[in-house]
Amino acid sequence: MCGFAGILDPDRRTSDQAMRATVARMADTLRHRGPDDGGIWVDPTAGVALGHRRLSVVDLSPAGHQPMVSASGRYVIVYNGEIYNAQQLRRELDQVTMGSLSFRGHSDTEVMLATFDQWGVKQGISRMNGMFAFALWDRRRRILCLGRDRLGEKPLYYGWTGRTFLFGSELKALRCHPDFDARIDRHALALYFRHSCIPAPHSIYEGIRKLPPAAILEVSVDTTRTAAPVPYWSLKEVLERGVADPFSGSEADAVEELERVLRDAVKIRMLADVPLGAFLSGGVDSSTVVALMQAQSERPIKTFTIGSREPAYNEAADARAVAQHLATEHRELYVTSAEAMDVVPRLPEIYDEPFADASQIVTFLIAKLARQHVTVCLSGDGGDELFGGYNRHVWNGRIWKAIRWTPRSARMAAAKAILGIPPDRWETLFQSLSPALPRRMIHKQFGQKLHKLAGILTAGSPQMMYFALVSHWLQPESIVLGAESPETLLTCPDAWPRLPEFAQQTMFLDAATYLPDDILAKVDRATMAVSLEARVPLLDHRVVEFAWRLPSSLKVRNGHGKRILRHLLRGYVPSHLTDRPKSGFCVPLDMWLRGPLRDWAESLLDESRLRGEGFLNPQPIRQKWGEFLSGNHPWQYHLWDVLMFQAWYRAQQQPKSELEPAVTVASSIGDGSESALLAGPDGPSGPQIVGRAPCRPFHSCSGASE
């Protein structure tokens, strides 16, 4: 896992020395992604400069150094990620070339270059099983090629600034270029307020794009115009092929085949020359990954989770039970609110553009814990999107059937009645009834979920229900001055695959948008901030392709999602340890913003400040802030969107050395009072080993519990 940056200057206006200095500075901003090694490669006659920072995971020797030149001399590459089937590709190359190839080491980078030499870029990339983003300079054709993995695990930004083309793993590398134009894209900002992240291909800056997943972009040295990215793999086509050619075996056959494919996906992601572990939440996805890891390991797998003293926010006990059953070497960290909120000032730097999935905080904390013991961690991300794990996959169709014939006026009245009672009061009522309810009806954060239900009761179609569920600010143009929301996949039904059930459609939309733009971005930035490599076995493209051949009944049935994963897991872990209401790991934002973070929030939401900056309309923001403080409305996630943009914008305006502390936490934090919201029995004393065997990086309640 690494980071890279580069420059293409078609006019060759910059000297060799200046290009070297600039690309070195750009690469150095990514040192956290690659603390072990760095290098640059410059061809001033072509106007090309490549910079790289290396996190050594496979082949720790200098033979894995980047930038790397192919054996033929044609290609030069900088690359971020892992090619998990590199050994298989190397054997294929030996057969095709009759053993004529000579490898300097055993790095996947060298195999990647040999693959491009032998089969070309598009065919070569289609043979690769991995997570990656790369920049490849073709010296023969004088073309720069950018590429990204199928599901979007690794990031890649690019764009023209004047007549210079810039690219890199994070925006901070591009900002380092002296000609960078940091104008904020108001239209992209409107998308941010709708989705709490900025979806590809947009970025927060005008003229700077994110390369979409499964795409290749070519830029010629002889032009200053960029052609459109070209896909080499299509999730839409995978879904349509799966529906056209469904799996025809029995349920037992399907479980056996999924186990075979997923077991190998886990196995090849366990290859590393450094210590390896896994995140563990105790849910179905992470428990399945850990179980398959432990089944293929001769020693206890290292696992990590984070805990909270608040029952509504705690999954540590569930993870501990799974870890003890699997006999893993398990560490859990109970942190105080003060420790969690200490992360807030770092968020603009870590995420590099506005990003407001509140679970970003705990994702960073668990990554930080894991990095103390390992360099690579596997996670369970992707299970919800592939196998129907979100509540919206299970309940949207049922809710629509129940309300579609109800007059809209009646639905509006019902929604108003629900919203008239604050979530905490609904929660109190529900808790009093819980002892008499069956287990399948028990839900965490019931009050907040009921308010979300009220928000979709007036929808005119299942599509509108889904759009409301995945939106924060429903009319972001009323928040961002001078903005119009660009079209996205969510607003272009013509680009959706033809699927017989809308539940399948929502799984596709989640996998194509929410997964890469929110979940994977969150995991990448949080883990890379501490130089930890995260690997995601459920997103092996073979698992994805098999999942979409399965009938819906093997995913969602009787009010439960992930049926086939649950059946697979029962072969390793008793069902009572993992069958529980889905919650996702949350932070108590409402308590923080009304308590120790209130002064910080008030300063960022100050009306005169908002007006002076000129990006946001203060009126609806101040209204929601007042309603939130009164306790009548759960607007904490809407307000977090605003606060994360404001904090990011402030960080851009001030040199790092001049930044004032972003958060001052009340002195009562950590004193054992109610403000120690995340304190556990061991307090801040550090991780405890509770057993001897990843959790999905924790989703925020605002999304994962739908």
Side-chain angles (χ1 to χ4, degrees), residues 146 148 150-152 155-160 171 183-217 225-231 233-240 353-357 385 392 396 455-456 459-499 502 504-521 615-617 638 641 645 703 706:
L146 306 181
R148 195 174 177 206
R150 291 172 178 85
L151 277 301
L156 182 48
Y157 294 86
Y158 68 91
W160 292 94
L171 284 171
R183 284 179 296 175
I184 291 176
D185 186 335
R186 292 174 184 264
H187 309 310
L189 187 57
L191 288 178
Y192 161 77
F193 276 97
R194 182 177 292 282
H195 301 296
S196 74
C197 61
I198 299 176
H202 306 280
S203 86
I204 189 60
Y205 295 117
E206 290 185 12
I208 302 299
R209 314 284 277 180
K210 297 184 183 85
L211 186 66
I216 298 171
L217 176 72
R225 297 175 63 185
T226 306
V230 176
W233 184 87
S234 168
L235 181 62
K236 175 177 179 287
E237 292 176 3
V238 165
L239 271 60
E240 291 176 335
E353 67 179 343
F355 185 84
D357 182 332
E385 291 80 5
R392 55 179 170 257
N396 267 27
I456 65 172
S461 68
Q463 290 87 348
M464 292 175 64
M465 288 176 58
Y466 173 79
F467 197 57
L469 281 172
V470 298
S471 299
H472 278 207
W473 294 82
L474 292 174
Q475 295 180 313
E477 298 86 353
S478 68
I479 304 300
V480 183
L481 300 174
E484 294 181 8
S485 291
E487 284 191 342
T488 67
L489 180 62
L490 295 179
T491 59
C492 295
D494 290 344
W496 300 356
R498 299 189 191 94
L499 298 172
F502 191 69
Q504 294 176 315
Q505 201 70 265
T506 62
M507 282 184 254
F508 161 72
L509 292 172
D510 284 337
T513 60
Y514 179 59
L515 179 65
D517 295 329
D518 185 307
I519 301 302
L520 296 178
F615 290 102
L616 306 181
N617 179 2
H638 295 72
D641 295 338
F645 169 70
E706 300 314 329

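Everything numeric here is computed off the predicted structure, so don't read it as measured data.
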Student: As an exercise, state the distance from CZ of Phe615 to CZ of Phe645, rounded to the nearest 0.5 Å.
Tutor: 5.5 Å

Student: Minimum heavy-atom separation for Trp233 and Val238, please, with both atom names.
Tutor: CZ2-CG2, 3.6 Å

Student: Grab the two heavy atoms, one from Ser203 and one from Asp185, that are nearest each other, plus how far apart they are.
Tutor: O-CB, 4.0 Å

Student: Could you tell me how the ring of His195 sits relative to the ring of Phe467: parallel (under 30°), tilted (30 to 60°) or perpendicular (over 60°)?
Tutor: perpendicular

Student: Short question: side chain of Arg186, backbone of Leu481 - any donor-acceptor pair under 3.5 Å?
Tutor: yes

Student: What's the spacing between Gln463 CD and Thr506 OG1 if we round to 0.5 Å?
Tutor: 10.5 Å

Student: If I compare all heavy atoms of Tyr514 with all of Glu385, which pair ends up nearest, and what's the gap?
Tutor: CD2-OE2, 3.9 Å

Student: Specify the closest pair of heavy atoms between Ala512 and Leu489, including all atoms of both residues, with the distance to one decimal.
Tutor: CB-CD2, 3.6 Å

Student: Hey, what do you get for CE (Met507) to CG (Leu515), rounding to the nearest 0.5 Å?
Tutor: 14.0 Å

Student: Give a yes-or-no answer on whether the side chains of Asp510 and Tyr466 include a donor-acceptor pair shorter than 3.5 Å.
Tutor: yes

Student: Within the 4.5 Å heavy-atom criterion, are Ile216 and Leu146 side-chain neighbours or not?
Tutor: no

Student: Asp517 versus Cys197: any side-chain heavy-atom pair under 4.5 Å?
Tutor: yes

Student: Show me the donor-acceptor pairs, under 3.5 Å and distance only, between side chains in residues 206-215 and residues at least two apart or in other chains.
Tutor:
from: Lys210; atom 1: NZ; to: Ile198; atom 2: O; distance (Å): 2.8
from: Lys210; atom 1: NZ; to: His202; atom 2: O; distance (Å): 2.6
from: Lys210; atom 1: NZ; to: Glu353; atom 2: OE2; distance (Å): 2.8

Student: Once side chain to side chain donor-acceptor pair (under 3.5 Å) is applied, what residue pairs with a partner in residues 477-494 remain, sequence neighbours excluded?
Tutor: Glu477-Ser485

Student: Looking only at heavy atoms, which two atoms of Leu490 and Trp496 are closest? And how far apart?
Tutor: O-CZ2, 3.4 Å

Student: Of all the heavy-atom pairs spanning Leu217 and Pro229, show the shortest one and how long it is.
Tutor: CD1-N, 3.9 Å

Student: Side chains of Leu189 and Ile479: closer than 4.5 Å at any heavy-atom pair?
Tutor: no

Student: For the atom pair OG (Ser196) and CG (Leu191), what is the distance rounded to the nearest 0.5 Å?
Tutor: 11.5 Å

Student: Mark yes or no for whether Arg194, through its side chain, and Gln475, through its backbone, hold a donor-acceptor pair below 3.5 Å.
Tutor: no

Student: Are side-chain heavy atoms of Pro497 and Gln505 found at a separation under 4.5 Å?
Tutor: yes

Student: Nearest 0.5 Å, what's the OG1-CZ distance between Thr513 and Phe508?
Tutor: 8.5 Å

Student: Are Val480 and Trp473 packed together at the side-chain level, in the sense that at least one heavy-atom pair is separated by less than 4.5 angstrom?
Tutor: no

